[in-house]
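Reading through the structure tokens given below for one structure.
Being a predicted model, the structure only gives us computed values, none of them experimental. To find a chain, count down the sequence lines: A is the first, B the second, and so on, and within it residues start at 1.
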2 protein chains.
Amino acid sequence: MKITENERDAVYKTIFSRRDVRGEFSPEPIPEDVLHRVLTAAHHAPSVGFMQPWDFVLVQDDHTKGKIKAGFDIANSTSAAQFDGDRAEQYSKLKLEGILEAPLGICVTCDRNRNGPVVLGRTIKAEMDLFSSVCAVQNLWLAARAENLGVGWVSIIHDSVLRQALNIPEEIEIIAYLCVGYVSYFKDKPELETLGWQPRRDVNSAIHYGSWSKTMPTNTDKEK
Amino acid sequence: MKITENERDAVYKTIFSRRDVRGEFSPEPIPEDVLHRVLTAAHHAPSVGFMQPWDFVLVQDDHTKGKIKAGFDIANSTSAAQFDGDRAEQYSKLKLEGILEAPLGICVTCDRNRNGPVVLGRTIKAEMDLFSSVCAVQNLWLAARAENLGVGWVSIIHDSVLRQALNIPEEIEIIAYLCVGYVSYFKDKPELETLGWQPRRDVNSAIHYGSWSKTMPTNTDKEK
């Protein structure tokens, strides 16, 4: 099946305009058919040995969101203490999650025992199953963007908080907690870039030819 | 920036027709501008604290590919021995990589020390940087599909083989080795599904409402 140039450009538009959303969620509910399309796209991620180790726990009620938000607040205050000086001050002003504002939370997991202990393609690199669930996260994120839905990945939270709030068994790995919803707008650039927290690397500095550290000259400004 | 319905459908077409390619590579070289677009898309993956921990080592010469193929062969024979009976016979007939046939290999890595020890968003969940590099793999894979390029992830290989063949320093983590090239065709379904190695799960069995194990009835055949 051939992808046309217009279709290709739509994929690039989606990839380049995807953002980690924390502050612009609207409470508007997500229609069931839209959510089903997004989750079906996540479910069509690549997986090692066609293992499909992921599950998606949907969070809509305020009580559960409150528990998760409380877990974030605790984890974030210990995290903030790891930064010094100007960095600490800047950190304290950042909005890093939209747990209560987003109408939907999605916890993405990985069942490492699915289909037994020996999985095709996981025999050498044990973390391949975790990576499959991360690919599902990224498919979900891009499908959501294509539906004009924002997604924010909340990583500043202990797995134990999500496990308890969502009744997730000990043997299931927690990969991501995502906040999902329509947004007032998508920022032009990642917020951490705009605020000067971290610059965008020149893509050419990330490309090595044939061997590590054989890179092209940087600052050629070829990057889109 | 709004994504239209046509653009959304192009994203879904790309997601649903993406395959793990092993056997259908053509030797046709990948034009430089196409490769640059694909790598730029990978470089625009989400990353924890805008860390951009990935690098891309491009492999084009046959000598290096030969070393990697030899590493695969060794890893694959020890892997094959883990399967029994019919499964072992079926495994031995599978083509699991296109290392020599694909015109390009790309090793995707993760520099966990980039930007210092304290990274925003990695303070609690240490593997977030590895997961960022996996998101770059999935962006790369979808961008490649949008360019009608096939990608195959070779996971049956020891990191040490890639490290030595590509001169990758010890402190850099190896995430993926990808075979990339134009293909004679894309299969309709994942090969492991078609061959009966593993069935496609019903997407509804992966969705939990509010709490683990509260799923909808399965076999509703709502899945696309």
Side-chain angles (χ1 to χ4, degrees), chain A residues 1-3 7-8 10-17 20 39-41 43-44 46 48 50 52 54-58 61 75 79 82 118 121 123-125 128 131 134-135 138-139 142 146-148 155-158 166-168 186 190 192-193 198 201 203 206-212 223-224, chain B residues 1-3 7-8 10-17 20 39-41 43-44 46 48 50 52 54-58 61 75 79 82 118 121 123-125 128 131 134-135 138-139 142 146-148 155-158 166-168 186 190 192-193 198 201 203 206-212 223-224:
Chain A
M1 198 190 305
K2 184 146 175 88
I3 307 282
E7 289 169 338
R8 177 199 71 191
V11 171
Y12 283 132
K13 179 178 173 183
T14 303
I15 284 176
F16 292 119
S17 66
D20 189 273
L39 293 173
T40 303
H43 187 56
H44 281 72
V48 66
F50 204 48
Q52 309 157 75
W54 45 70
D55 281 87
F56 309 102
V57 186
L58 310 185
D61 81 279
S79 297
Q82 297 187 38
V118 182
T123 46
I124 304 289
K125 204 167 170 73
M128 282 302 295
F131 291 178
V134 176
C135 288
Q138 186 60 6
N139 262 19
L142 292 170
E147 300 276 5
N148 296 298
S155 63
I156 306 169
I157 188 164
H158 290 281
L166 305 176
N167 198 28
I168 295 172
F186 286 95
L192 294 179
E193 182 181 6
Q198 197 67 50
R201 286 175 76 200
V203 65
I207 304 174
H208 308 247
Y209 293 82
S211 178
W212 184 264
E223 187 186 351
K224 181 185 170 123
Chain B
M1 198 190 304
K2 187 148 172 86
I3 308 281
E7 291 169 336
R8 177 199 71 191
V11 171
Y12 284 132
K13 180 178 173 183
T14 303
I15 285 175
F16 291 120
S17 66
D20 189 273
L39 292 173
T40 304
H43 187 56
H44 281 71
V48 66
F50 204 49
Q52 309 158 76
W54 45 71
D55 281 87
F56 309 101
V57 186
L58 310 186
D61 81 278
S79 296
Q82 297 187 38
V118 181
T123 46
I124 303 290
K125 204 167 171 73
M128 282 304 295
F131 291 178
V134 175
C135 288
Q138 186 59 5
N139 262 18
L142 292 170
E147 300 277 4
N148 296 296
S155 63
I156 306 170
I157 189 164
H158 291 281
L166 305 176
N167 198 26
I168 295 172
F186 286 95
L192 294 179
E193 181 181 7
Q198 198 65 51
R201 288 174 75 198
V203 65
I207 305 173
H208 307 246
Y209 293 82
S211 179
W212 184 264
E223 186 186 352
K224 180 181 170 125

Side chain / backbone / both / neither for B/T14 at chain A, heavy atoms under 4.5 Å | both
Can you tell if the side chain of B/Y209 reaches within under 4.5 Å of the side chain of A/L58, non-hydrogen atoms only?
-> yes
Which portion of B/N167 sits near chain A, non-hydrogen atoms under 4.5 angstrom = both
Answer whether the closest heavy-atom distance between the side chains of B/T40 and A/F16 falls below 4.5 Å.
-> yes
Do you know which of A/E7, A/R8, A/K125 has the most heavy-atom pairs under 4.5 Å to chain B?
-> A/R8
Any side-chain heavy atom of B/W54 sitting closer than 4.5 Å to one from A/R201?
-> yes
N/O donor-acceptor pair under 3.5 Å between A/Q82 side chain and B/V118 backbone | no
Contact class of B/P46 relative to chain A, heavy atoms under 4.5 angstrom = both
Per-residue contact mode, B/N148 against chain A (heavy atom under 4.5 angstrom) | side chain
Side chain, backbone, both or neither: which part of B/M128 has a non-hydrogen atom closer than 4.5 Å to chain A?
-> side chain
Side chain proximity check, B/Y12 to A/E147, heavy atoms < 4.5 angstrom | yes
Picking from A/D61, A/I124, A/L39, A/N139, which has the most non-hydrogen pairs under 4.5 angstrom with chain B?
-> A/I124
